[in-house]
Each structure stands twice: as C-alpha cells, then as structure tokens.
There are 2 protein chains.
Amino acid sequence: MNIGELARRAGLTSSRIRFYERAGLLKTVGRQPNGYRTYPPEAVLVLELITSAQQAGFSLDEIRTLLPPDLENWRHDALIEALRRKVAEIEGLLLRLQQSRKQLVALISDIEAKPDDIDCAANARRVLTNMLGKGAEAGGAAVGAAARRRPA
Amino acid sequence: MNIGELARRAGLTSSRIRFYERAGLLKTVGRQPNGYRTYPPEAVLVLELITSAQQAGFSLDEIRTLLPPDLENWRHDALIEALRRKVAEIEGLLLRLQQSRKQLVALISDIEAKPDDIDCAANARRVLTNMLGKGAEAGGAAVGAAARRRPA
DNA sequence: CATAACCTTTGAGTTAACTTTAAGGTCAAG
DNA sequence: CTTGACCTTAAAGTTAACTCAAAGGTTATG
C-alpha cells in the first residue's frame, strides 16, 4: 500500500503520516525500488490507534513512549498506569470546567440582577467588585485551550 | 505606578503587560517624561479582569472585543451573549470529556479482563479490535489541549 | 510524449500567548 | 562614578501538531 492509499483508509493526510514517521511514532517503513513508502495493512490500525489516543487526550509524546514496536507487545504496566493517570487528569479538568461553568452562570445572574435604583455604571462597579472579590481566592479554571484545538 | 509595581500587584510579568498593550487589550497608557509607562490604580482591576476571563476560557481575542474602553461602560448585550455562548461551549467540552473518561475506564477494564486461556499477544489483539470497533462511529473526545496549557 | 496524479525531500509557515534576548536609557545609593 | 535595579524597544524564540511550498522524480493514460 502506498502512502496516499493508507491516508485515505485511515482518514488523514499523507503529510501527517510522514510527520508521524519523522516524530518517531511509526517505525521506519519499507520502500519500493522507486523510493515510495510501502505499508502493510496493519498500518491502518496503528494510525487509528494513534488518533484514538489523541482524542482521548494523549499527546504525541505520550503516545510515542507508550506505543510498542509491534502491536502485540505492549508494556502492559506502563500502559495501565498511563491510562489511569490520564483518567485522573481528565477528572481534574472536569472539576475545573464545572467550576468555570458555575462561575459564569453566577456572573450572568449577577449582571442581570441589576437593582432598579442604580444605573449601568454603578451596576458595572457592583458586578465587578462582586466577581473579583469572590473568584480570586479559590483558583481559577483555565478552561480555554480545549476548545481552541485544530487551528485550521 | 510603574509597570513593575503594577506587575507585582496584579501577579504577572511586565513583559506580559506590555504584550497585552501591544495586543490591544489595554488602552495606550500615559508616560512619564523619561518614557516610563505610568498606570492609574484601576489598571490592577483591568488586569485581574483579563486573567479571570482567560481562566474562564476566553481567548485574548474574545476578551479584546468584549472589554470596553472604560470599565463602567460595557456593551451589555454582547457581553451577556458571549457569556452564554461560553457556558454552552464549556458544556460541550464537559460532555466530550465525560465520554473520554468513560472510554478510558472501559479500556482499562477490558485490558485487565484478560481471559485466563489466552496469552498476552492474543489479549492485545482482542482489546485492540474491541476498542477500534466501538469508539469509531460515535466521534471522539479531543481532550488533550486543556491540560497542555501554559507551556513553561 | 504530454499531462495528470502520484510520490520524494527539505525547509519554512501556522496559531496562541507569551518569554527571551539584545542593546540601551534612567535613577537612587554608596 | 560605579553598581544595580529599574525602564525602553524591536525582534526572535517557544510549544504542539501539523500544513504548505518548492523543486523534482515516477507512473498511468490518452
């Protein structure tokens, strides 16, 4: 199988596959006499595995250290441990996101709960001091990045 | 107040404050005769506001479009709308993270539920086909980025 | 045999949010 | 008058995970 065919089957670009090879995630692959890379059918599996792991939150670095040279020979204990750590990491993230959500919802309520007898500027001051007073001690949530993925 | 003092009070670096100014988040600031920037006390508030918004998941771009030229004159409707959109965004993220967590936990169980009568390689094949069969149709979670923040 | 559709490599560009570096001016203390 | 702690600017570096561009070889088709 050529690289284009593999890319189509695995649902990613050829350049990405070459990049993964350079990055050490794919073992160096066989070449045809003309220099073209040639892949065995299992390569599709490996690529699917990599993208699954990425979607589960593993960086390419993490994936590289976990991926065995062949698909049948995993470092069992390291893998399980990494999986557990990732679950814990996700749980931390979930907590922070929930915190953030709560704070935003509270902020919306606070903004909309403008007392009838004050003007907008005064309401702004009220909301501002409310917000910066409260959220400050208990650390923030650092939400943003997850939504900002896949630039283009 | 000089920039160093402001940085200390707001808990960030001077270079970051200058960066925010270049990025259009801070209105151009007064200068002393020697060229030093000089800040009014409210500048601390503005910076705290920016970092709060960041922690809630707003990008600097979003913050810039929402921040009013002066702290008392918010574009009320746009702000509320943006807050609601961010809450929705966070909720989407929460769902995907929960999905991811569930899949990882299931994967761990599956790995550990190795039938007594097969060897490691066979178990690897079993787990692999289980995993790539299941998660594929219902899209993945794209977790990773939120944990990878603030590089150094 | 020309054209399109492949493939190759190297190197640079992208994005966000900063930091770091280099080169230099200012100012208070000793 | 020198040392150190400030401040200034512009430009380049950082990180992850790719993509894109340039320049060129290969192969199938009309």
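Residue numbers begin at 1 in each chain, while the letters A, B, ... track the order of the sequences.
Taking only side-chain nitrogens and oxygens, B:T13 comes nearer than 4.0 Å to OP1 or OP2 of C:dT19. Checking the phosphate oxygens (OP1, OP2) of D:dT19, a side-chain nitrogen or oxygen of A:S15 falls inside 4.0 Å. Considering only side-chain N and O atoms, A:R18 lies under 4.0 angstrom from the phosphate OP1 or OP2 of C:dT8.
A salt bridge is absent between B:R84 and B:E81: the closest approach of a Lys/Arg side-chain nitrogen to an acidic carboxylate oxygen does not fall below 4.0 angstrom. With salt bridges taken as basic N to acidic carboxylate O contacts below 4.0 Å, none links B:D70 and B:K27. With salt bridges taken as basic N to acidic carboxylate O contacts below 4.0 Å, one links B:E5 and B:R8.
In this structure, B:T129 and A:L45 have side chains that are not in contact, with every pair of non-hydrogen atoms separated by 4.5 Å or more.
When the C1' atom of D:dT9 is taken as reference, atom CD of B:E21 falls 12 Å away, rounded to whole Å. Regarding A:Q54, its CD atom lies at a distance of 8 Å from the C1' atom of D:dA17, rounded to whole Å. What separates CZ of B:F19 from P of C:dT15 is a distance of 14 Å, to the nearest Å. When rounded to the nearest whole Å, the span between CD1 of A:I50 and P of D:dA16 equals 17 Å. Note: CZ (B:R16) to P (C:dA17) measures 10 Å, nearest angstrom. Rounded to a whole Å, the CD atom of B:E5 is 17 Å from the P atom of D:dA5. Separating the CZ atom of A:R64 from the P atom of D:dA16 is a distance of 10 Å, rounded to the nearest angstrom. Atom C1' of nucleotide C:dT9 and atom CD1 of A:I17 are separated by 17 Å, given to the nearest angstrom.
Two different hydrophobic clusters hold A:L104 and A:L95 under the rule that ILVMFWY side chains link at heavy-atom gaps under 4.5 Å. Note: the hydrophobic cluster containing A:Y36 does not contain A:L26 (ILVMFWY, side chain heavy atoms under 4.5 Å, direct or indirect links).
Heavy-atom distances to DNA chain D give each of A:R22 and B:N2 a nearest nucleotide, and the one nearer the 5′ end belongs to B:N2.
Taking a 4.0 Å limit (strictly below) on heavy-atom distances, residues 26-45 of chain B reaches DNA chain D at B:R31, B:G35, B:Y36, B:R37.
Between A:Y39 and the choices A:V44, A:I17, A:N2, the side-chain contact (heavy atoms from CB on, under 4.5 Å) rule is met once, by A:I17.
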